[in-house]
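This report refers to the structure that appears directly beneath it.
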Amino acid sequence: MSIEAVRKDSLYEYLSPPQKIMSQHFVDLFDGDILNERWALTILRGTGIGFMQDDINEGFNIRAIGTPTPQFKTKISFSSTRQYSNVGSTMIGEWRTLELTNNPAKMALVNISSDAANTNFISTIFSATFFALQTAAGGAPTTTFGSTTYNDLLFHRHELTITSTMGTLIVAGNLEATSTTTLPTLRLEPTFQQNSQTANVAKNMRVRFAEAFNH
Amino acid sequence: MSAFNSVFDIFKAPAEDWKTRKWHWMSGSQLPTDWNAVNLTGTSQFRMSDNINQGFEIFTNAVDGTQGYIDFNNIRHYDEQNFIEIWEMRTVESTFRRQQWGMFFDFTISADFATVTNDTNSTNYEFVTKDATVSSVADSGIPIDEVFRSHKIVGSASDYQYTQDGVLLITKLTNLPTQRLQPAGSMFNREAANKTGRWNFVEVFAT
């Protein structure tokens, strides 16, 4: 249905029926001189950087690099301001990776966006060929691979949804994976993170849209 | 019809790409830092106007030739052949000033651009474009004034269209930009008096 058919007075009214409170909601367009102040850029390991990419439709670049091995990590997050529910929230992001190997890149709703291996989160992670849904409840994550081959360097729309009973990953409008185990038990913040598993080799992801909201 | 779940869904289907889009409501305590404010000549103030429906303003010092502008600091996310830009602007003073807004490769050098001017050296609003070397002016036929008007530029491979207040005024075929672009604009004074240019809303998106 086109917007013309349902035109409303406000953005609020597009997003929330009159009888419903909209709840927490944000949108970032990743355009302009620098990264919006809502985000904190953090180099978890290595000497990574983040910068607005000066190219058509390329958004913000997150780069991981370092030496020596093992894994270098750079992320943007809300600095542990966790406003999104672990039992009813959705995150939508459009991003791409610039390298196909040794470069786990992910979009996530996480409780502790740190270097810790085990925390509470739901994420979509690129792994050479497929996107995978990961959910974790403070321990080892459950990984469910999607069925569509995505060994490309193109932007794709990712949608993560977490409820009290299920985690869901939709990529480019297609349901890729669900998880009903190890669902996060703590509130969450949005995060984009690029890793590099090779010393002195830069790995990059680019983000040009992000949105999250509570149900 | 229920509400949309997300802003993404308002504009795009799930299988579509968002590409790049920026909107700015020009409201709040100050201009956000994703904009780059520059004193090109002399000194101007870049500030929110504390008045109803008046948005952001560039307020030049009372020195002839003062010019301030804002842009994305040459972060150019927009293909010159595939974009739409919409904005509202006005001036406060009616004499000896020039306000302009549009899409620029680099505001500080004579490079590719498409801009709308509200200039007291001209009778009407003008639509000016420049390719790598040559610029040319198209007269809109609409007299300059001091009220908010909506402006829209549609950039494509074949032409650039300029629409004011919903009426297509100019389809320009010559001297079209050939390089990536960013939104930008300025206020310039032509006498030793303060001049004020205001913007209520700016939106630009890839098509």
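Within every chain, numbering begins at 1; the chains are lettered A, B, ... in the order of the sequence lines, protein sequences first and strands thereafter. Note that these values count all heavy atoms, side chains included, but never hydrogens, waters or copies made by symmetry.
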How far does [atom1] of [X] sit from [atom2] of [Y], to the nearest 0.5 angstrom?
| X | Y | atom1 | atom2 | value |
| --- | --- | --- | --- | --- |
| A:F209 | B:K19 | CZ | NZ | 15.0 Å |
| B:F8 | A:I92 | CZ | CD1 | 7.0 Å |
| B:D17 | A:H156 | CG | NE2 | 8.5 Å |
| B:N82 | A:I56 | CG | CD1 | 8.0 Å |
| B:F205 | A:D31 | CZ | CG | 13.0 Å |
| B:H77 | A:F60 | NE2 | CZ | 10.0 Å |

Within a radius of less than 6.0 Å around [atom1] of [X], do more than 12 heavy atoms belonging to other residues, nucleotides or ligands occur?
| X | atom1 | value |
| --- | --- | --- |
| B:K130 | NZ | yes |
| B:F46 | CZ | yes |
| B:D50 | CG | no |
| B:F96 | CZ | no |
| B:N53 | CG | no |

**Report entry** Selection from A:E94, A:E159, A:E13 maximising heavy-atom pairs under 4.5 Å formed with chain B
**Finding:** A:E94
Query raised in the report: Which of the residues A:D55, A:V27, A:T90, A:I170 is involved in the greatest number of heavy-atom pairs with chain B at under 4.5 angstrom?
Result: A:D55
What option among [options] has the most heavy-atom pairs under 4.5 Å with chain A?
| options | result |
| --- | --- |
| B:N36, B:V204, B:D34 | B:D34 |
| B:S6, B:P32, B:A15 | B:S6 |
| B:H24, B:R180, B:K22 | B:R180 |

Minimum heavy-atom separation for [X] and [Y], please, with both atom names.
| X | Y | result |
| --- | --- | --- |
| B:T33 | A:I34 | O-CG1, 3.3 Å |
| A:H25 | B:N5 | CE1-O, 3.7 Å |
| B:W18 | A:L29 | CZ2-CD2, 3.6 Å |

Query raised in the report: Looking only at atom types and distance, does a side-chain atom of A:E211 sit under 3.5 Å from a main-chain N or O of B:V7, one as donor and one as acceptor?
Result: yes
**Report entry** Distance-only side-chain donor-acceptor flag, A:N57 / B:Y78, under 3.5 Å
**Finding:** no
Requested in this report: Using non-hydrogen atoms and a 4.5 Å limit, figure out which bit of B:N74 sits close to chain A: side chain, backbone, both or neither.
Outcome: backbone
Requested in this report: Sort B:E16 into side chain, backbone, both or neither according to what part of it lies under 4.5 angstrom from a heavy atom of chain A.
Outcome: backbone
Query raised in the report: Is there a side-chain contact (heavy atoms from CB on, under 4.5 Å) between B:F72 and A:D54 once you walk through the steps?
Result: CA-CA 10 Å; B:F72 281 177; A:D54 179 25; over 6 Å; no
Requested in this report: Could you go through the salt bridge (Lys or Arg N to Asp or Glu O under 4.0 Å) check for B:D9 and A:R157 one step at a time?
Outcome: CA-CA 11 Å; B:D9 292 339; A:R157 175 192 188 274; 3.2 Å; yes
